Amino acid sequence: MTEGANGTGLDVFRRVYEDRNAPARAWKERGGKVVGYFCDNVPTELIHAAGFLPYRISGQPEADLMRVRDQIDALYQNDLATRPEFVASMLSQLLGSELAFLDYLIIPHNRHAIQAIYRELQEAAQENADLKLPPLHYMDKAWSPFSEPDGFNRNAVVGLRDALAAWRGRAIDDADIATSIEVAEATRSLLREINAARLDHPTKVSSSAALWAHAAAMLLPPDQFARAARAMLDELPGLPERNGPRLFLGGSPFDHDRLYALIDALGATVVTEDHCWGARTADDYALPQGAPLDRLAARFHAAPACSIRYSFEDTIDASVNRAVSADVDCAIHYVFAGDNTQSWETPDEVKALRERGIPTLHLAEQRYDCAPPEDIKAQISAFLATVPARDRRQPA
Amino acid sequence: MKPGEQTRLASVDAVRAHQRTWLEETRAAVGEGGGRFAICNADDFEEIFTAFGIPVMVVNYWNSIVTFSERKGPHFGAVLRERGYTPNMFSMGLATTLDPAEAPWGGLPKPTIMIGTTRDETQLRVMELWARAFGCECYPLDFSWTSQYRQLPPPGWWNLHFSRSGEMIDPARHAERVRQMERLIAHLEERLDQPFDHARFREIMEGINEQMALWQEAFDLIATVRPLPVSLRDQTALYQLNWQRGTAPNIALMRDFLTEVRQLVADGAGCYPQERFRLYLATSGNDPLYHRYLRERWGGAIVSSRYSGIAPMYARDLSREGPLEALAARQLFLFDKEPHWEVHEAKRWGAQGVIGLERDPSLPSRYRRVVEAAGLAYLALPRDADDEEIHGLIDCFVQTRILEGQ
Ligand code: SF4
Ligand code: SF4
């Protein structure tokens, strides 16, 4: 890989991934404001339209969870305060000073542990006067298929627009929203190009590189992302072919790259995945034509909250289709301990993939930090050894 | 009566028998064909099915039979693990359908429909999987009182239920919930080929108010008299009357209970002969196994738990809004596991202390702070178990926090 003066596209993505707060810090140095949010379904177009930089909060395997125990768990009975570790690690950063640069924070109604943060933070602040929080906004969502597309969920989008307008002290007009929809579509379409390249025979995009690119799209100002993404796409032809097993990753959301790096090191490649830090964030919901806000509302309504799409069968089918259409040789489902969303879906996904002849490794109740790496590595390499060889320069 | 033995109220045994008979009759009726049956979550949709004349099993109730009454949690946990799932208490019912031979009380018949709640992602998925195991329809509804995290409960919220519940819920969610219920009712009218009887529905909602007024009267009496006339165990068992609530048999059973309580009070009867001081249980468990040790060693009686205070919160003022709006409001906020309320309850019961479950009892929790600030002693236990460690914590608590103050 050649390193240009400003680094290659991939280098930019890696650097952003390694220091995820850097773009927000730089933005603030230039006088801008940063809006933190959780998950992959908050319409960040509205944040851009308000002139703020969106910052998606991610977990940290090395975060200090004692803060969560002392400041949040101590508030509730122990049957209330259950959350997977990746959520705890996000909460921990909000309780400490790591995310002190956030000017505002949006908490969506996704999995229970995420939406609960809205109340947990407020009650923690009532108890502890030293805890300084940015202004919070709860973005509600109806999940069932029986809510009207132009009803409750549309109102939630309007509510977010109005909250952002109040924060900036000025209304957000449709022209601004229309512009940021175009920009966001350009970002998604670059990600889709990267995702398409991941599916090439042979692929040249490593598992980690793909993960970094998706995260960068949620952290960088769009123009910077676009430059780096084009650079990365331009670099691809010069990269080495990856002829090891093509792999689908299902299960819990990976907001760190330890598992991806491990899979790369074993010669296999995650060519697509089903979690909220990967290919799913670039899904095309074919926004209908119409008023800008209605377009955003339509996508917000259609996109599942977390992976929680109704019905169960639709969720399983969507996941299995991702794997099958990527022409993978095998799949790994890695589920964190305490990830109650995945623990009920994964067994059916695994079964469906195996029925289709795709060898699948189900790693249940795993550690969020993927430790100890030797154990994970041993299990995965033993599994990969069972995957039949084939010429991966050709579609099967 | 031997020391440590508890009386059982005839009226509460009648409630226990009623529930079992109800299930047997329901199973027989469904089994004979043409029988209709539904499963839904506790606070979600029972009244609507009752108005349709459809017997309904409440998920949490069934799960508690499996877990607490029959103690089959470990078996059904293994059933789920074998299939790759990570079991929790909510999923016990699903497991009984996956392994019906082991199901308590002969198991559940196949429902016509199950109402899937989006209380949280787990409950939605478990209900969908359960419906699949039965081969029946699952119909999801949005929101519930445990996803009510948008608003903090206002101070003194436990006094607002009857007529001011609107202050505790999000108006947009409430409107959406009403819309979704109307749609579900229309769906049921079509599926069941039967019009919804609005008058009957109002009658049930009024019946709930009547039942809860009787509950309140009985428990106000129980809480104030000495010695305690109704054991914690019987108080908890009575909660079963909240299933099929508002129906004539349930109201009659509640009335019998009140009559029996009045008689016990008149007779000066007590259920815990060793009652020397009172404690209040701020957990969601049943009568704990360590209670016997606490009584026999120290004369400490657990006189009540949060369940006794939750039941009357089902009552709603129907003169202010329609029954459907009232029901939707209740579905969005029933109660909160919150220490100020439990302190209020503990004092009502004349307790000197409160028992809570805390993963790490050494932490200075909010429960501890609020309870102690109210002048009550607080015992945090790491587990609901009856072993030496728990006995040791009890001994220490009684000696340092209860006896020293006397
Ligand atoms: S898994 Fe779901 S709840 Fe968790 S971060 Fe992703 S979208 Fe949010
Ligand atoms: S309040 Fe009662 S009915 Fe509702 S979940 Fe708790 S125990 Fe069940």
Side-chain angles (χ1 to χ4, degrees), chain A residues 69-70 73-82 107 109-113 115-120 122-123 126-127 138 140-148 151-152 155-156 159 305-308 310-313 315 335 337-348 350-351 362 364-365, chain B residues 80-81 83-89 91 94 116 118-129 131-132 138-143 146-152 170 172-173 175-177 179-180 183-184 187 282-284 336-339 356-360 363-369 382:
Chain A
R69 192 194 70 161
D70 295 348
D73 290 351
L75 298 174
Y76 305 103
Q77 291 248 302
N78 58 9
D79 55 345
L80 283 185
T82 58
I107 299 161
H109 177 211
N110 283 356
R111 74 164 74 211
H112 191 78
Q115 60 101 28
I117 289 174
Y118 183 70
R119 174 169 173 182
E120 290 166 345
Q122 290 179 76
E123 296 202 309
Q126 281 177 0
E127 294 286 306
Y138 183 91
D140 215 342
K141 183 164 203 296
W143 299 353
S144 83
F146 306 116
S147 59
E148 305 279 358
F152 189 84
N155 289 340
C306 197
S307 77
I308 314 153
Y310 184 85
S311 65
F312 183 80
E313 280 72 25
T315 302
V335 181
D339 184 342
N340 297 326
T341 312
Q342 281 309 318
S343 57
W344 295 98
E345 294 168 6
T346 302
D348 274 79
V350 169
K351 190 163 161 256
H362 181 183
E365 297 184 55
Chain B
L80 293 168
R81 276 190 193 285
R83 288 160 175 80
Y85 302 120
T86 307
N88 57 15
M89 182 163 157
S91 53
L94 161 64
T118 64
R119 221 174 232 233
D120 61 41
E121 59 277 1
T122 309
Q123 298 205 2
L124 176 64
R125 286 317 192 208
V126 169
M127 292 298 276
E128 290 192 82
L129 287 166
R132 188 176 72 178
C138 178
Y139 191 108
L141 282 176
D142 271 301
F143 317 128
T146 53
S147 59
Q148 164 69 353
Y149 272 74
R150 188 167 194 174
Q151 267 156 299
L152 307 187
D170 178 56
R173 279 192 166 193
E176 177 64 17
R177 181 77 180 196
R179 259 196 305 276
Q180 291 193 5
R183 187 163 314 173
L184 176 48
H187 174 72
T283 78
S284 297
D336 198 274
K337 294 174 187 172
E338 191 270 321
L357 274 182
E358 307 226 355
R359 214 171 280 146
D360 182 352
L363 276 185
S365 69
R366 179 167 58 167
Y367 257 77
R368 176 178 296 284
R369 188 177 57 62

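Reminder, nothing fancy here: chain letters follow the sequence lines and each chain counts from 1. Because the structure is a prediction, the values reported are computed rather than measured.
Residues A:Thr315 and B:Arg125 have side chains that bring a donor and an acceptor to within less than 3.5 angstrom of each other. In this model, a donor atom of one side chain and an acceptor atom of the other lie less than 3.5 Å apart for A:Asp348 and B:Tyr85.
A donor-acceptor pair under 3.5 Å links the side-chain atoms of A:Gln77 to the main chain of B:Ala282, judged by distance alone. B:Glu128 places a side-chain N or O within 3.5 Å of a backbone atom of A:Phe312 that can act as its donor or acceptor partner. Formation of a donor-acceptor pair under 3.5 Å by the B:Glu176 side chain with backbone atoms of A:Ala142 is not found in this model.
If you measure heavy-atom distances from B:Arg183 to chain A, the contacts under 4.5 Å come from the side chain alone. Contacts between B:Pro364 and chain A at a heavy-atom distance below 4.5 Å involve the backbone alone (N, CA, C, O). Residue contact with chain A, scored on non-hydrogen atoms closer than 4.5 Å, involves the side chain of B:Leu80 exclusively. No part of A:Thr346 comes within reach of chain B, as not one of its non-hydrogen atoms sits under 4.5 angstrom from that chain. If you measure heavy-atom distances from B:Arg81 to chain A, the contacts under 4.5 Å come from the side chain alone. Residue B:Arg368 does not touch chain A at all, counting heavy-atom pairs closer than 4.5 Å. Contact of A:Lys141 with chain B is made through the backbone alone, with heavy-atom distances under 4.5 Å.
To the nearest 0.5 Å, atom CD of residue B:Gln123 and atom CH2 of residue A:Trp344 are 11.0 Å apart. In this structure, CG in A:Asn340 is found 7.5 Å from OG1 in B:Thr86, a value given to the nearest 0.5 Å. Atom-to-atom distance recorded for B:Thr122:OG1 and A:Arg111:CZ is 8.5 Å, nearest 0.5 angstrom. The distance from atom CG of A:Asp73 to atom CZ of B:Arg359, rounded to the nearest 0.5 Å, is 5.5 Å. Between the CG atom in B:Leu152 and the OH atom in A:Tyr118 there is a gap of 8.0 Å [rounded to 0.5 Å]. Between atom CG of residue B:Leu124 and atom OG of residue A:Ser311 there is a gap of 9.5 Å, rounded to the nearest 0.5 Å.
Listed options B:Pro140, B:Gly84, B:Ser365 were ranked by heavy-atom pairs under 4.5 angstrom with chain A; first place goes to B:Pro140. With chain B as the partner, the residue from A:Glu127, A:Glu313, A:His362 showing the most heavy-atom pairs under 4.5 Å is A:Glu127.
For the pair B:Arg366 and A:Tyr76, the cation-pi criterion (under 6.0 Å, within 45° of the ring axis) is fulfilled.
With sequence neighbours excluded, no residue forms a side chain to side chain donor-acceptor pair (under 3.5 Å) with A:Asp70.
When ring centroids are compared, A:Phe152 and B:Phe143 come within the 6.0 Å threshold.
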